[in-house]
Amino acid sequence: MIQEALQEIQRGSAEIIDNERIEKLLKAYFEEGKSYTVKAGFDPTAPDLHLGHTVLLHKLATFQKYGAYIQFLIGDFTAQIGDPTGKSETRKKLLPADIAKNAESYKEQVFKILDPEKTEVVFNSEWINPLGASGMLELTTTFNVARMLERDDFEKRYKGGISISISEFIYPLLQGYDSVHLNSDIEIGGTDQKFNLLMGRHLQRAYETGKEQAVLMMPILEGLDGIQKMSKSLGNYIGVEDAPNDMFGKVLSISDELMWRYYELLSAKSIKEIEVIKAGVADGSLHPKKVKEDLAQEITARFHSQEAAAEAKAEFNNVHAKSQIPTDMDDFELDGPLWIAKALQECKLEPSTSQARRDIKQGAVKIDQVKVLDEQLQLESGAYVLQVGKRKFARLKVK
RNA sequence: GGUGAGAUAGUCAAGUGGCCAACGACGGCGGACUGUAAAUCCGCUCCCUACGGGUUCAGAGGUUCGACUCCUCUUCUCACCA
């Protein structure tokens with residue numbers, strides 16, 4: 001029982017530090033019913049969650065299944081600094097009202113996966129603000145610059161001649177201090193968070209809390225391209241708020257290789273079930289497309305509903321397998337007569353008339369399923385279905 | 001505080017007076033092929049109803065018939081020294 005729980009907890013993880021502690025906590029739960037805390041921090045600047053974020057949420061849900069109490073931390077204070085991880089941009093200051101709003105939308109999205117009964121949402125400004133200058137100073141004495149520079153991305157930036165702001169040094173310290181305050185037993189995060197996560201251990205020791213949190217790191221989920229991490233700014237993401245059709249279509253567009261990754265990190269199926277599917281594809285008894293469809297359906301159903309997922313699947317096959325027109329698309333109404341390039345731009349199918357012309361030249365534009373050859377074409381009044389490429393559609397009524 | 005180097009399109013990165021809307025790579029988009037996959041091949045990739053015009057190479061001035069390229073100042077970044 002404990003072993004099985006441990007296996008599901010370890011599933012897909014990139015690295016675990018202090019595995020024995022996790023084992024002990026599980027043991028205490030199974031034998032004495034004692035619960036424990038698992039902390040995970042989130043940035044209030046990005047309330048639009050995508051599947052990349054849900055990797056962590058799934059892991060948290062697994063922990064909940066095995067007795068954990070989740071400390072869902074919203075880093076409203078630390079957001080003012082900006083996590084040095086990845087790109088360095090100066091963050092805009094968030095107004096308290098915005099943070100509250102973002103936190104609300106977090107809850108809405110997060111509780112599709114997490115059990116609210118076993119979750120506490122906390123904000124770190126609550127205890128960092130009272131720290132004051134002297135508390136902050138004390139915090140900085142627990143660490144030194146040389147060790148700070150050991151951090152991978154600091155080192156890279158330092159050697160690569162990219163600036164590092166002093167405030168960025170504070171970020172890991174504060175994140176670690178959160179663990180001190182919350183007295184967390186385990187903290188989970190992405191592999192890119194390793195340094196910050198370890199800081200929690202360091203500070204729990206420095207502040208003599210009598211424990212050092214175990215750390216579980218999840219790999220960063222690759223985006224739709226399969227190479228770069230899933231992120232909104234790269235546009236390779238599947239948002240949890242995406243419409244069922246989009247969600248389904250996006251999952252289906254990933255590569256076969258990536259599909260297994262998604263299964264491991266996002267599916268609710270057990271490790272054993274996935275092994276069976278894998279074997280099926282390997283010996284040819286299961287078509288990879290079918291397997292991918294199942295995954296797409298599972299994910300779509302999670303964030304919408306079973307029915308919506310089934311509809312999305314039907315719609316998808318209709319549009320793409322039989323190359324028919326989708327039932328759902330944006331409507332526009334414009335005055336005619338209208339130049340085709342302008343129409344495409346107005347319907348948001350193209351960013352500029354220049355781009356529209358190029359695409360017409362390349363045979364990418366269709367009106368009512370018929371390829372447009374004349375880039376000077378004028379649209380008279382009537383109703384049209386405009387299409388660019390394979391997936392961009394719009395319905396246009398010309399007056 | 002001193003000295004030196006640098007800032008080019010989504011990113012990286014050529015170009016050091018006209019041949020530059022600016023090589024190339026990546027990304028992105030489109031086409032072929034498919035399972036709307038991947039891989040591969042081909043085309044496109046600042047804007048504008050366009051065999052032409054407009055606005056670009058950190059910002060502001062200047063030199064010149066002409067500047068991304070030369071000069072001055074400003075802003076930002078980095079390295080070395082303190």
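Not measured: the values here are computed from a predicted model. Values below: every heavy atom of this structure, side chains too, minus hydrogens, waters and symmetry copies.
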Under 3.5 Å, is there a donor-acceptor pair between the [X] and [Y] side chains?
{"X": "A:S352", "Y": "A:Q355", "answer": "no"}
{"X": "A:Q64", "Y": "A:D115", "answer": "no"}
{"X": "A:E187", "Y": "A:Q193", "answer": "no"}
{"X": "A:T78", "Y": "A:Q175", "answer": "no"}

**Asked** Hey, does A:S352 reach any base, or is it just sugar-phosphate, or nothing, if we go heavy atoms under 4.0 Å?
**Response** sugar-phosphate
**Request:** Look at all strands and tell whether A:K292 reaches a base, only sugar-phosphate, or nothing, counting heavy atoms closer than 4.0 Å.
**Result:** base
**Message:** Quick check for you: among B:C48, B:G31, B:G35, whose closest atom lies nearest to any side-chain atom of A:T353?
**Reply:**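 Looking only at heavy atoms from C-beta outward on A:T353, the closest nucleotide is B:C48.
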**Message:** Quick check for you: among B:C47, B:C33, B:G35, whose closest atom lies nearest to any side-chain atom of A:S354?
**Reply:** B:C47
For [X] and [N], give me the distance from atom [atom1] to atom [atom2], rounded to whole Å.
{"X": "A:D294", "N": "B:G35", "atom1": "CG", "atom2": "P", "answer": "18 Å"}
{"X": "A:E350", "N": "B:C46", "atom1": "CD", "atom2": "P", "answer": "14 Å"}
{"X": "A:K392", "N": "B:G30", "atom1": "NZ", "atom2": "C1'", "answer": "9 Å"}
{"X": "A:L344", "N": "B:C29", "atom1": "CG", "atom2": "P", "answer": "17 Å"}
{"X": "A:N236", "N": "B:G10", "atom1": "CG", "atom2": "P", "answer": "19 Å"}
{"X": "A:K366", "N": "B:G30", "atom1": "NZ", "atom2": "P", "answer": "12 Å"}
{"X": "A:E293", "N": "B:G35", "atom1": "CD", "atom2": "P", "answer": "13 Å"}
{"X": "A:R357", "N": "B:C29", "atom1": "CZ", "atom2": "P", "answer": "23 Å"}

Inter-nucleotide [atom1] distance ([N], [M]), Å rounded:
{"N": "B:A9", "M": "B:C68", "atom1": "C1'", "value": "12 Å"}
{"N": "B:C23", "M": "B:A14", "atom1": "C1'", "value": "6 Å"}
{"N": "B:G10", "M": "B:G59", "atom1": "P", "value": "13 Å"}

**Prompt:** Using 4.0 Å as the upper bound for N to carboxylate O, is an ion pair formed by A:K65 and A:E8?
**Reply:** no
**Message:** Strictly below 4.0 Å, N to O, side chains only: are A:K250 and A:D242 in salt-bridge contact?
**Reply:**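 Salt bridge present between A:K250 and A:D242.
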**Asked** Which letters describe nucleotides 38-44 of chain B, given B = protein heavy atom under 4.0 Å from base, S = only from sugar-phosphate, - = neither?
**Response** S----BS
**Asked** Is there a side-chain contact between A:K278 and A:Y263 (heavy atoms, below 4.5 Å)?
**Response** no
**Asked** Mind checking whether A:F42 and A:H53 have ring centres under 6.0 Å apart?
**Response**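 No, the ring of A:F42 stays outside the 6.0 Å limit from the ring of A:H53, centre to centre.
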**Message:** What residues from residues 378-387 of chain A pass a heavy-atom cutoff of under 4.0 Å to RNA chain B?
**Reply:**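 Result for residues 378-387 of chain A: A:Q378, sorted by number.
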**Fill in**
Excluding A:L386, membership of its hydrophobic cluster (Ile, Leu, Val, Met, Phe, Trp, Tyr; side-chain heavy atoms within less than 4.5 Å) reads A:F332, A:L334, A:L338, A:W339, A:I340, A:L344, A:L349, A:I360, A:V365, A:I367, A:V372, A:L377, A:L379, A:Y384, A:V388, A:L396, A:V398
